[in-house]
Colleague: 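Sharing a structure with you now.
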Amino acid sequence: MLSEKIQKALAPLNLEKVAAGDYSKTGYHLEAAAQPGQMPAVAQALLDTGCFLESLTAVDSSRESFTLVYHFANFYELCRTVVHAPLAKPAAAPTISHIYAGADWYEREVYDLYGIRFAGHPNLKRLLLPEDADFHPLLKDFGATQENV
Amino acid sequence: MFERGLEEKTFWLNLGPQHPSTHGVLRVLLEMDGEYIVTAEPVIGYGHRGHEHMAENRNYQQFLPNMGRVDYLHALAFNQGYCMAVEKLMGIKVPERAEYIRVITAEMNRLTSHFLWVGAYLMDLGAFTPFLYCFDDREHLLDLLDRITGSRLTYCFYRFGGVPVDLDEEFIAGTRAFIKRLRSRWPDYDNLVTKNIIFIKRTKDVGVITKEQCVQYGLTGPMVRGSGIAYDIRKSEPYSAYPEFDFEIPIGDNGDVYDRYIVRIREMEQSLRIMEQALNKLPEGPIMAEKVPKRLKPAAGEVYQAVETARGEFGCYIVSQGDIKPYRIKLRVPSFANLSILPEASVDNLVADVVAILGSIDVVVPEVDR
């Protein structure tokens with residue numbers, strides 16, 4: 001079973017949480033929580049088990065912190081792993097673009113929309129917004145809300 | 001001029017943002033040595049409308065029409081992905097007949113998307129006639145879909161808990177007739193395109209993508225299936241009524257542009273099979289779940305729902321904080337990841353082959369940009 005293999009691969013990293021998820025409710029087979037600093041090691045462990053990076057995004061969870069959300073899946077066996085990594089504001093997280101080439105664009109997108117910097121990223125610049133934009137639109141305190149549009 | 005190393009310096013060439021082969025406002029910045037690519041950088045975002053930001057500022061129902069406008073070529077799959085994510089979050093169970101109607105219409109929409117791709121792609125390669133064949137066939141499907149959904153392109157047909165309109169006899173008869181018609185047309189497509197020596201020379205061994213690259217970039221859809229990985233959400237992570245049908249996942253073995261073409265053509269035959277079986281087995285019963293609240297207020301939590309669109313995996317990630325508005329919606333779109341491999345796939349190719357590779361990715365630019 002792939003989920004057991006992943007759990008085994010993640011065990012030496014001493015993550016905050018690695019547990020089976022409620023697939024019928026959330027769509028996750030495995031839920032993990034990690035510090036952003038542990039993410040390169042986590043990504044490497046998942047790459048070694050043959051998983052691919054399905055999505056990488058962030059949530060502006062509160063005034064004090066973001067949550068980075070990484071989804072991994074596998075081409076041959078159904079097993080979706082989610083890794084949540086809380087990140088205190090303002091801070092930078094280490095990149096995983098040297099492990100997963102696809103993370104390059106995902107991290108640029110997160111930087112673009114949230115202003116989160118990824119240390120070690122080779123080309124961290126705007127992706128979707130114009131290069132001279134001076135805002136990060138998915139921050140909760142960004143102005144355009146229903147009231148003032 | 002065409003050879004490498006004749007000039008001391010490389011030069012820059014802009015492909016797009018206004019170029020017929022980029023299918024929308026995509027710009028690719030090419031660094032050229034003669035006619036060979038040194039580096040290629042896609043510049044995206046021209047069609048960024050901020051769907052994810054819009055999601056946070058409206059309630060669940062109000063965001064539904066946006067789904068038809070992310071990937072306008074396979075809008076119903078996006079409808080389905082979002083509806084299923086919200087249904088999962090709310091614990092709504094969709095009646096069986098509604099699931100069948102969703103499958104039939106989504107497969108029809110997949111066919112229209114592939115038809116447009118085949119036509120437009122071959123036009124990129126210089127063949128004009130197939131485009132007319134494809135649009136002829138596609139038009140029949142658009143008329144049928146128009147009949148029950150009310151629109152031809154940006155569908156907003158599914159609702160949380162089912163579908164609003166039932167299939168009528170004329171739609172069913174028309175769809176059956178279409179299935180028969182298209183099956184009689186395959187030999188034409190075969191003779192016109194698949195066995196065409198010019199087409200084969202342009203596409204064989206061009207833009208080969210390996211299985212390792214598929215994992216590295218998180219590619220999905222015909223991109224991975226062309227490289228020999230049988231990954232299709234409809235089989236790998238079965239949803240809706242798909243487990244009840246008998247169909248195959250076509251795969252290629254070489255991972256080149258030609259294989260991705262063949263995969264899509266064979267996939268269209270499978271869509272016909274699914275539609276036919278669904279029409280034969282169409283169960284009676286309601287088309288909407290009972291007691292779907294008018295005001296959707298899911299409990300706090302998060303959900304990830306994946307569906308297979310014509311281009312690959314669409315993942316809808318919703319974070320709810322127990323409010324009537326979603327706290328965060330991330331649309332994991334297939335073209336975004338699929339396009340990110342273009343720089344690697346096009347290096348050392350001729351500029352004409354880059355057009356062939358870019359086309360074989362089947363990007364829908366508004367979907368990349370969101």
Side-chain angles (χ1 to χ4, degrees), chain A residues 21-29 31 46-47 50-61 67 69 71-80 82 84 97 99-106 108-110 112-113 123 126-131 133 137-140 142 144-147 149, chain B residues 41-50 52-54 56-58 84-85 88-89 91 211 213-220 224 229-231 233 235-238 301-306 313 315-317 319 321 325 327-333 336-341 343-344 368-370:
Chain A
D22 185 351
Y23 177 70
S24 62
K25 282 213 173 109
T26 56
Y28 303 141
H29 298 87
E31 288 183 36
L46 279 147
L47 179 66
C51 294
F52 68 95
L53 180 68
E54 202 170 25
S55 121
L56 191 173
T57 190
V59 180
D60 188 1
S61 342
T67 308
V69 186
H71 293 103
F72 299 91
N74 192 287
F75 288 134
Y76 303 100
E77 201 181 324
L78 178 59
C79 181
R80 179 169 294 116
V82 62
H84 292 101
S97 59
I99 298 162
Y100 281 103
D104 185 320
W105 276 27
Y106 285 123
R108 273 177 70 188
E109 185 191 313
V110 170
D112 199 3
L113 302 177
N123 186 24
R126 295 275 182 180
L127 183 68
L128 298 174
L129 268 58
E131 53 200 38
L138 281 188
L139 293 174
K140 286 286 175 190
F142 173 69
T145 56
Q146 201 80 67
E147 289 77 37
V149 163
Chain B
E41 191 195 352
V43 181
I44 61 172
Y46 292 95
H48 179 61
R49 291 145 295 168
E52 289 172 8
H53 186 265
M54 280 187 237
E56 293 174 14
N57 289 301
R58 50 191 69 192
M84 284 172 66
K88 211 181 233 184
L89 209 52
K211 288 181 182 172
Q213 285 176 319
C214 292
V215 174
Q216 272 288 321
Y217 283 89
L219 307 184
T220 48
V224 287
I229 300 173
Y231 182 68
I233 313 277
K235 275 261 199 251
S236 315
E237 192 180 352
E302 64 176 66
V303 66
Y304 187 97
Q305 175 67 49
E313 176 187 334
C316 189
Y317 171 63
V319 180
Q321 287 208 340
K325 293 175 185 171
Y327 190 73
R328 166 88 171 108
I329 289 187
K330 156 82 183 166
L331 306 170
R332 186 268 183 225
V333 290
F336 183 86
N338 290 354
L339 181 64
S340 70
I341 199 172
E344 203 174 306
V368 178
D369 295 342
R370 281 157 289 147

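By convention in this document, chain letters (A, B, ...) are assigned in the order of the sequence lines, proteins followed by strands, and residues within each chain are numbered from 1. No experiment lies behind these values; they were computed from the predicted model shown.
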Colleague: Counting only non-hydrogen atoms closer than 4.5 Å, does A:Leu47 touch chain B with its backbone (N, CA, C, O), its side chain (CB onward), both, or neither?
Modeller: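 Interface part for A:Leu47: side chain.
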Colleague: If I measure from the heavy atoms of chain A, does B:Val224 come under 4.5 Å with its side chain, its backbone, both, or neither?
Modeller: side chain
Colleague: Looking at B:Glu56 and A:Lys140, is any side-chain nitrogen of the basic one under 4.0 Å from a carboxylate oxygen of the acidic one?
Modeller: yes
Colleague: With chain A, which of B:Ser340, B:Gly218, B:Gly45 has the greatest number of heavy-atom pairs at distances under 4.5 Å?
Modeller: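 Option with the top pair count is B:Ser340.
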Colleague: For B:Tyr327, enumerate each residue passing the side-chain hydrogen bond (donor to acceptor under 3.5 Å, both in side chains) test, keeping only those at least two apart in sequence or located in another chain.
Modeller: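 Residues passing side-chain hydrogen bond (donor to acceptor under 3.5 Å, both in side chains) with B:Tyr327: none at all.
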Colleague: How close do B:Lys330 and B:Arg370 get, counting heavy atoms only, and between which atoms?
Modeller: NZ-NH1, 3.8 Å
Colleague: With a 4.5 Å heavy-atom cut-off, do B:Val333 and B:Val368 have their side chains touching?
Modeller: no
Colleague: Between A:Asp112 and chain B, with a heavy-atom cut-off of 4.5 Å, which part of the residue counts as in contact: side chain, backbone, both or neither?
Modeller: neither
Colleague: Can you tell which part of A:Leu56 gets under 4.5 Å to a heavy atom of chain B, answering side chain, backbone, both or neither?
Modeller: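 For A:Leu56, the contact with chain B is made by the backbone alone.
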Colleague: Do you know which of A:Tyr28, A:Tyr76, A:Phe72 has the most heavy-atom pairs under 4.5 Å to chain B?
Modeller: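 Of A:Tyr28, A:Tyr76, A:Phe72, A:Tyr28 has the most heavy-atom pairs under 4.5 Å with chain B.
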Colleague: What part of A:Glu109 gets closer than 4.5 Å to chain B, counting heavy atoms only: side chain, backbone, both or neither?
Modeller: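 Only the side chain of A:Glu109 comes within 4.5 Å of chain B.
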Colleague: If we only count heavy atoms from C-beta on, is the B:Tyr231 to B:Leu219 side-chain gap below 4.5 Å?
Modeller: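 Not in contact.
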Colleague: Answer with side chain, backbone, both or neither: which region of A:His84 has an atom nearer than 4.5 Å to a non-hydrogen atom of chain B?
Modeller: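 Looking at A:His84, just its side chain touches chain B.
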Colleague: List the atom of A:Tyr23, the atom of B:Lys88, and the distance in Å for their closest heavy-atom pair.
Modeller: O-NZ, 4.1 Å
Colleague: Between A:Leu53 and chain B, which part of the residue has a heavy atom less than 4.5 Å away: side chain, backbone, both or neither?
Modeller: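 Backbone only.
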Colleague: Give a yes/no verdict on a cation-pi contact between B:Lys211 and A:Phe52, requiring under 6.0 Å between NZ or CZ and the six-membered ring centre and an angle within 45° of the axis.
Modeller: no
Colleague: Does any N or O in the side chain of A:His71 come within less than 3.5 Å of the main-chain N or O of A:Val82, such that one atom is a donor and the other an acceptor?
Modeller: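 It does not hold such a pair.
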Colleague: Examine whether an atom of A:Tyr100 lies under 4.5 Å from a heavy atom of chain B, and if so say whether it belongs to the side chain, the backbone or both; otherwise answer neither.
Modeller: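 When you check distances to chain B, atoms from both the backbone and side chain of A:Tyr100 fall under 4.5 Å.
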Colleague: Restricting to non-hydrogen atoms, name the atom on B:Ala306 and the atom on B:Ile233 that form the minimum distance, rounded to 0.1 Å.
Modeller: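 Looking at all heavy atoms of both residues, the closest pair is O-CG2, 3.7 Å.
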Colleague: Between B:Val319 and chain A, which part of the residue has a heavy atom less than 4.5 Å away: side chain, backbone, both or neither?
Modeller: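 For B:Val319, the contact with chain A is made by the side chain alone.
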Colleague: Out of A:Ser61, A:Gly21, A:Ala73, return the one with the most heavy atom pairs under 4.5 angstrom to chain B.
Modeller: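 Highest number of pairs under 4.5 Å: A:Ser61.
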Colleague: Considering only heavy atoms and a distance below 4.5 Å, find which of B:Tyr217, B:Tyr46, B:Tyr304 pairs most often with chain A.
Modeller: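 Sorted descending by pairs with chain A, the first entry is B:Tyr304.
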Colleague: To check you understand the geometry: which heavy-atom pair defines the closest contact between A:Val110 and A:Ala58, and what is its length?
Modeller: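 Looking at all heavy atoms of both residues, the closest pair is CG1-CB, 3.9 Å.
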Colleague: Looking at B:Leu339, B:Ile341, B:Val43, which makes the most heavy-atom pairs under 4.5 Å with chain A?
Modeller: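 Most pairs with chain A among the choices: B:Leu339.
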Colleague: Report which part of B:Gln213 has an atom under 4.5 Å of a heavy atom belonging to chain A: side chain, backbone, both, or neither.
Modeller: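 The answer is neither part of B:Gln213.
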Colleague: What part of A:Arg80 is in contact with chain B, defined as an atom under 4.5 angstrom from a non-hydrogen atom: side chain, backbone, both or neither?
Modeller: side chain
Colleague: Considering only heavy atoms and a distance below 4.5 Å, find which of A:Ile99, A:Leu138, A:Leu129 pairs most often with chain B.
Modeller: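 Max contact count across the listed options: A:Leu138.
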Colleague: Does any part of the side chain of B:Arg332, heavy atoms only, come nearer than 4.5 Å to the side chain of A:Tyr106, both counted from C-beta?
Modeller: yes
